[in-house]
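Written below as structure tokens is the structure these notes are about.
Every chain is numbered from 1 and lettered A, B, ... according to where its sequence line falls, protein lines coming before strand lines.
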Protein chains: 2
Amino acid sequence: MNLPMDDIDRKILRAIQRDSARSMQDLGDLVGLSASACHRRLKSLEEKGYIAGYRAMLDRVRLGLSMQFFIEVSLVSQSDTTLEAFEKAVKTIPEVLECHLMAGQSDYILRVVCEDATAFERLHRDLVARLPGIARVHSNMSIREVKSFGGLPV
Amino acid sequence: MNLPMDDIDRKILRAIQRDSARSMQDLGDLVGLSASACHRRLKSLEEKGYIAGYRAMLDRVRLGLSMQFFIEVSLVSQSDTTLEAFEKAVKTIPEVLECHLMAGQSDYILRVVCEDATAFERLHRDLVARLPGIARVHSNMSIREVKSFGGLPV
DNA sequence: GAAAACATGCGCATCGGTGTACCGAGAGAA
DNA sequence: TTCTCTCGGTACACCGATGCGCATGTTTTC
């Protein structure tokens with residue numbers, strides 16, 4: 001069940017994390033297998049839990065969400081209740097795409113997106129107002145994505 | 001061509017960025033359309049460029065990549081040649097999932113993954129050795145993903 | 001070393017989903 | 001009103017996904 005993963009399995013994972021819309025025939029050709037054999041491998045990988053799901057990647061800029069920030073947040077305390085209250089609140093804000101509890105000087109790192117500077121000002125006020133226990137906020141704007149998600153190194 | 005996007009289109013985008021493996025029938029039921037009408041809408045959204053692609057999301061931890069870092073990098077200079085050399089090198093390192101050119105005190109933020117502490121030590125040395133022009137490196141480890149990617153707010 | 005048990009790939013058959021053609025309803029303009 | 005344009009529904013053809021049987025190769029066991 002665990003990790004008898006060979007080079008073909010890795011090839012399949014590499015291929016579908018870049019493009020999952022391929023047909024089994026194409027995927028099989030790519031990894032050197034017939035469509036049905038490839039299909040069996042893929043189903044097995046799904047059952048074993050290597051594949052968390054399938055998603056459409058939307059074009060952020062095309063949708064008008066041209067700005068992206070990494071916001072570092074420190075809280076006034078590290079007590080469980082403070083963390084839990086913050087985390088519960090952060091999940092309700094749709095502009096926050098990700099939130100990581102961090103080891104280091106900041107407690108959390110948030111990835112947020114918004115339309116423009118005006119929207120960011122509003123969002124920033126909104127965050128500070130709605131997220132409890134905030135001590136310090138540092139916003140870092142992404143100017144350009146030098147390397148965007150190319151997939152895990154499998 | 002541009003933005004005559006109505007509520008149904010947004011519903012479709014919201015649905016497929018969470019799960020793109022649904023059948024047209026299911027997707028249609030979800031947004032209140034027949035399968036064919038829904039299919040037409042989706043193709044139109046693809047043609048208009050709102051959908052960048054389809055991807056399988058792999059289970060990072062299941063694949064043994066249990067550690068995730070946000071690494072802040074400052075360079076010795078901001079000249080074009082320095083930036084270009086750094087960016088070219090960063091693209092060749094598979095553990096670097098993302099690299100953002102930033103506005104703020106750090107020049108770049110990298111998202112990297114690795115197996116364990118030993119692998120991180122190796123990776124850290126590797127980064128410093130292979131990336132040219134580095135002045136300062138700050139590694140921040142993600143302890144837990146409070147909110148993982150739930151999709152753009154469309 | 002032989003044979004059984006297992007793994008893995010291929011080809012084929014079947015079935016469901018995708019994609020298309022056609023029709024009708026509703027909105028807007030002349 | 002009438003023409004037209006847009007958009008959704010229905011019906012259907014066909015392609016691709018899914019499951020199965022068979023062949024081949026490999027490992028284990030006696």
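Between D/dG16, C/dG17, C/dC10, one nucleotide has an atom nearer to the side chain of B/Ser23 than all others, and that is C/dG17.
Comment: A/Asp6 engages A/Arg41 in a salt bridge, judged by a side-chain N to carboxylate O separation of less than 4.0 angstrom. Between A/Glu121 and A/Arg125 there is a salt bridge, since at least one side-chain N of the basic residue sits less than 4.0 Å from a carboxylate O of the acidic one.
The distance between atom CG of B/Asp26 and atom C1' of C/dT18, rounded to the nearest whole Å, is 14 Å. If you measure from atom CG of B/Leu33 to atom P of C/dG17, you get 18 Å, rounded to the nearest angstrom. What separates CD of A/Glu46 from C1' of D/dA17 is a distance of 12 Å, to the nearest Å. Between the CG atom of B/Leu45 and the P atom of C/dG19 there is a distance of 14 Å, rounded to whole Å. The distance between atom CG of A/Asp7 and atom C1' of C/dT8, rounded to the nearest whole Å, is 16 Å. Going from atom CD of A/Gln25 over to atom C1' of C/dC10 covers 12 Å, rounded to whole Å. In this structure, B/Ile12 atom CD1 and D/dG8 atom P are separated by 9 Å, rounded to whole Å. Atom-to-atom, NZ of B/Lys43 to P of C/dG17 comes out at 16 Å; the value is rounded to the nearest Å.
Among A/Phe70, A/Phe149, A/Phe69, the one residue that satisfies the ring-ring contact (aromatic ring centres under 6.0 Å, His included) test with B/His100 is A/Phe70. Partner of A/Arg111 under the salt bridge (charged side-chain N to carboxylate O under 4.0 Å, His left out) criterion, out of A/Glu98, A/Glu145, A/Glu95: A/Glu98 alone.
Here B/Ser34 lies in heavy-atom contact (under 4.0 Å) with a base.
Between B/Arg22 and C/dG17 there is no side-chain polar atom (N or O) within less than 4.0 angstrom of OP1 or OP2. OP1 or OP2 of C/dG19 lies within a sub-4.0 Å distance of a side-chain N or O belonging to B/His39.
Each side chain to side chain donor-acceptor pair (under 3.5 Å) pair with one or both residues in residues 13-25 of chain B, not counting sequence neighbours, appears once here: B/Gln25-B/Asp29.
Side-chain atoms of B/Arg40 and base atoms of D/dG8 include a donor and an acceptor less than 3.5 Å apart. One donor-acceptor pair, N or O on each side, does fall under 3.5 Å between the base of C/dG11 and the side chain of A/Ser36.
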